[in-house]
Amino acid sequence: MVWVSAVILLAVLQYVVTGLIVGRARAWYGVAAPACVGHPKFERWFRVHQNSLEMLIAFIPALWLFGWWVSPTWGVAVGLVFVAARIIYTAQYVAEPRTRQFGAGLSFAAVLVLVIGGLVGLVRIALTN
Amino acid sequence: MVWVSAVILLAVLQYVVTGLIVGRARAWYGVAAPACVGHPKFERWFRVHQNSLEMLIAFIPALWLFGWWVSPTWGVAVGLVFVAARIIYTAQYVAEPRTRQFGAGLSFAAVLVLVIGGLVGLVRIALTN
Amino acid sequence: MVWVSAVILLAVLQYVVTGLIVGRARAWYGVAAPACVGHPKFERWFRVHQNSLEMLIAFIPALWLFGWWVSPTWGVAVGLVFVAARIIYTAQYVAEPRTRQFGAGLSFAAVLVLVIGGLVGLVRIALTN
C-alpha cells in the first residue's frame, strides 16, 4: 500500500496546488470572497478546483479500497492515469472549457474502473469466504 | 471490513452515477460549462450532486472508522440506511426541492450515528488502554 | 491510529455541525433551496461549509496516511492545529470575510505539512525497502 498511498497523496497535492491558484486568481481577476463568479478566467479555475474535489471524493476511497482488496499494482497504474488525466483536464478547461472532454472522460473512466473493479473484487472475496 | 468497504463503494457508485446525470443534464437543459445555473431542473440535479458530495466527505471516513474501531456489522447496517436515504433524497429533490426533508434528514441522521458512535467508541478504547 | 482516527472524526463532526447551521441559515435568511445566494450572511455560512469541504478532502486522507506511514503522534498534533484553525476561520469569515486570512492560512499550512510530510515519508520508505 506504500505506492497506493503515494498516488493518493500525489492527487491530493495536485488538488491543493489548484486550490492555491484559485486563491491567487481571486486577486488576479478581482473576485472578492464570498463571490464565486465575476470573471470568466476565475470561474474556470474555480470550476476546475470544484470538479477536482468532485472527482477526489470518489477517487481516494476507490483507490484505497481497490488497492487494499483487489490489486495495489493495478491501483497504482490506474491512479497514475487519473493524475495525468487531471493535469490534461486542468490545462484544457482553463484554455477553453469546451475542449475539456478528453481529460474529463479519462479521469472519469479511471474512477469507474476503480469503483466497479473494487466492487467486483469485494463480491468475489465475499463469495469465496 | 469487506462489507464496510462494499457499502462505501456502493455509495461512491451512486454518487458517480449522479455525476454522470449532471453531465448529461447540461445538454438536456442547455447549461454550458462553467455556468452552474440557468434551468431549474439542471440546478436540482447539480444541487443533488453537490449535496451528495457534502455528505460523502463525512460518511466515507465515518463509516470506515466506525467499522474499523466499533462494529463493522452496525457500520454496514447504518451505511445501507444512508445509501437508501440518498436514493429517496435524490428522487424527492428532483421532483420538488421542498419535499426533500425525509431523505435529507435520514441520511444526515445516519452520518451523525457513525460520527458520534465512532467518537464514543474511540474514547472508550482510549480509556481502556 | 486511535487518536488519529479520533481527530479525523472531530474534524468531520465540526464540518457536520457547520452543515446543520447552513441548513438553519436557509430559514434564518430566507434562502430557499436550490438557491445558494440571496443574503450575505447565508452566503458566508455556505462558503465556510464549502471551504471546509474543500479542505477536508485533502486533510482526511493526508492525516490518515501521514499517521499510518510517518508518525501518528505528529499527525495528531498537526490535526489538532487544523481543527483549531477551522474554528478560528469560521468565526472570522462569518464576522467579516476579509479577516479570514489567519485561519485560512493556518489550516492550509497544516494540510500542506501532512501532504508533503506524508509524501516525503513514503519516498523514504520506498527507498529503504
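In what follows, chains are A, B, ... by sequence order, proteins preceding strands, each numbered from 1. Fair warning: this is a prediction, and the values are worked out from it, not measured in the lab.
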Point to revise | Value rounded to 0.5 Å, distance of CD in A:Gln50 from CD in C:Gln50 | key: 6.0 Å

Check your understanding: Which of residues 106-117 of chain C have a heavy atom under 4.5 Å from any heavy atom of chain A?
Key -> C:Phe108, C:Val111, C:Leu112, C:Val115, C:Ile116

**Study point:** C:Leu119 portion near chain A, given a 4.5 angstrom heavy-atom threshold
**Key:** both

Review point. Is a donor on one side and an acceptor on the other found under 3.5 Å between the side chain of A:Tyr15 and the backbone of C:Ile57?
Key: no

Check your understanding: Where on A:Leu13 is there a heavy atom nearer than 4.5 Å to chain C: the side chain, the backbone, both, or neither?
Key -> both

Check your understanding: Is A:Trp28 atom CH2 crowded by more than 12 heavy atoms from other residues, nucleotides or ligands, each under 6.0 Å away?
Key -> yes

Review point. Would you say C:Trp68 and A:Met1 make side-chain contact, with heavy atoms under 4.5 Å?
Key: no

Exercise for review: Using a cut-off of under 4.5 Å on heavy-atom pairs, state which of A:Leu56, A:Leu53, A:Leu9, A:Leu20 scores highest against chain C.
Suggested key: A:Leu9

Review point. So, do A:Trp64 and C:Leu65 sit near enough that their side-chain heavy atoms are less than 4.5 Å apart?
Key: yes

